[in-house]
Amino acid sequence: MMDRRKFLTNSGMLALSTCLTSCGGNSVASLIENTGLKAAFKDKFSVGTAISTKSLSEYGSKQLKLIAQEFNAITAENDFKWEMLRPSPNHWHWDLADKFVEFGLNNNMQMVGHALVWHSQIPESVFFNQKKQLLPRTQLLTMMEEHTNTVVGRYRGKIQVWDVVNEAFKQGNWRKSHWYNGIGEDYFEHAFRFAEAADPKAQLIYNDYGMDDPSKQQRVIEVINNCKRKGVKIDGIGMQSHLHLDGPSINEIERSILAYANAGLRVNITELEIDVLPKIEDYGNADIGNKYAYRKELDPYKKALPLAMEQKLAQRYEDVFKLYVKHSDKIDRVTLWGTSDDESWKNDFPIKGRTNYPLLFDRNQQPKLAHRRLKKLSL
Ligand code: XIL
């Protein structure tokens, strides 16, 4: 794990020195690190969150203060995705990505760049000419390389982890994305080669949902092993972990953690949340293309979550974290996909406009029962 102190900036030092003069004999490290979930699990793994576009735009907001207090790793929920960073080939929007990095540096956090090569949230114009024909392989590879160089290069030495390829498989098969159709299977290894060339020291990750699905698991390991045999650097996998109250089971999650670790890969939990609403598809299926019509009976907790459900959620979080702690020698980071329930994408996925409660802070940014149980767990 990196030495976080090395990333302290001037403003961080100023805050620290102010604190040191007014906080008596406490050590510097404990003043900045001994709060929230990050302190609770500090000997086990980093605890992260995804920062939404709204939070990043409101620098100094209550939400960002809460994030600084609780977490020591951050991922931008949307602002490093191709369509946000680069809506057209020569227009780059660095504003929010730069703010993200400044926030991470000021708060001594591990930063994750999400995601370089993905089929979603990327303009069609990246792949097609004006006649709507898919661009030739060489052109697509050049574009991927140039994009990776520009983004990774800009933050070299600051962003320590990259989700290099996101969601390349559907169960055990290659997803027929434009990247796959235009370049072929080896788009995967090229993505990692380009990322390594752009920042040889970064941790490079393959990230996907449903990573406990046995057919996906087998395929991911097979493809990554092939790449590694050819000398391609892939450090670990990201299990997105969009979980539900009812599944996948702790056993299934454990089996997959072990399988990836046994294949020599570091495990990262990258997008954790626990859906409490009636389930309409397979556990952990976070395929962004899935959409279902709104039905009232699928949105039963519009006003509040009943206590019994709150307790179920807390128990499920506790069970899942117990497992992560058990395997903390294999796990570098556990990142929640958001901080408070109001901002969770699960209010709109896979059905728009429901009221969900999947995170650790409520709609008033107050810690939920689940949060208290996790803090206790670490004592
Ligand atoms: C989601 C964001 O949370 C939403 O705000 C956005 O509208 C769609 O994407 N897998 C991923 C994430 O890798 O990037 C997705 O994030 C959730 C599924």
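Atoms within a ligand are numbered from 1 in the order they appear, just like the ligands themselves.
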In ligand 1, the atoms that come under 4.0 Å of a heavy atom of Glu167 are 10 (N), 11 (C), 13 (O)
Give a yes/no on ligand 1: does Trp118 have at least one heavy atom closer than 4.0 angstrom to it? yes
Any chance the rings of Tyr324 and Phe41 have centres within less than 6.0 Å? no
Nearest protein heavy atom to atom 11 (C) of ligand 1, by residue and atom, and its distance? Glu271 OE1, 3.1 Å
Nearest 0.5 angstrom please: Tyr180 OH to Tyr187 OH, how far? 9.5 Å
Look only at the side chain of Lys38 and the backbone of Ser46, and say whether a donor-acceptor pair between them is shorter than 3.5 Å. no
For the residue pair Gln365 / Gln63, report whether a side-chain donor-acceptor contact shorter than 3.5 Å exists. yes
Please confirm whether Tyr209 approaches ligand 1 to less than 4.0 Å, judged on its heavy atoms. no
Among all protein heavy atoms, pick out the one at the shortest distance from atom 8 (C) of ligand 1; state its residue, atom name and that distance to 0.1 Å. Gln121 OE1, 3.4 Å
Point-to-point distance, once rounded to the nearest 0.5 Å, from CG of Leu141 to CG of Leu135: 11.5 Å
Strictly by modelled atom types, are Asn226 and Glu189 linked by a side-chain donor-acceptor pair under 3.5 Å? no
Is it the case that ligand 1 has an N or O less than 3.5 angstrom from some N or O of Trp337? yes
Quick one: which ligand 1 atoms are inside 4.0 Å of a heavy atom on Ile288? 8 (C), 9 (O)
Selection from Glu77, Lys81, His242 by shortest heavy-atom distance to atom 15 (C) of ligand 1: Lys81
Tell me which protein heavy atom sits closest to atom 5 (O) of ligand 1, plus the residue, atom name and distance to 0.1 Å. Asn78 ND2, 3.0 Å
So which bit of Asp163 gets within less than 4.0 Å of ligand 1, heavy atoms only: side chain, backbone, both or neither? neither
Counting from 1, what ligand 1 atoms have a heavy atom of Asn166 closer than 4.0 Å? 11 (C), 13 (O)
Aromatic ring pairing Phe188/Tyr206, orientation class (parallel under 30°, perpendicular over 60°, tilted between): tilted
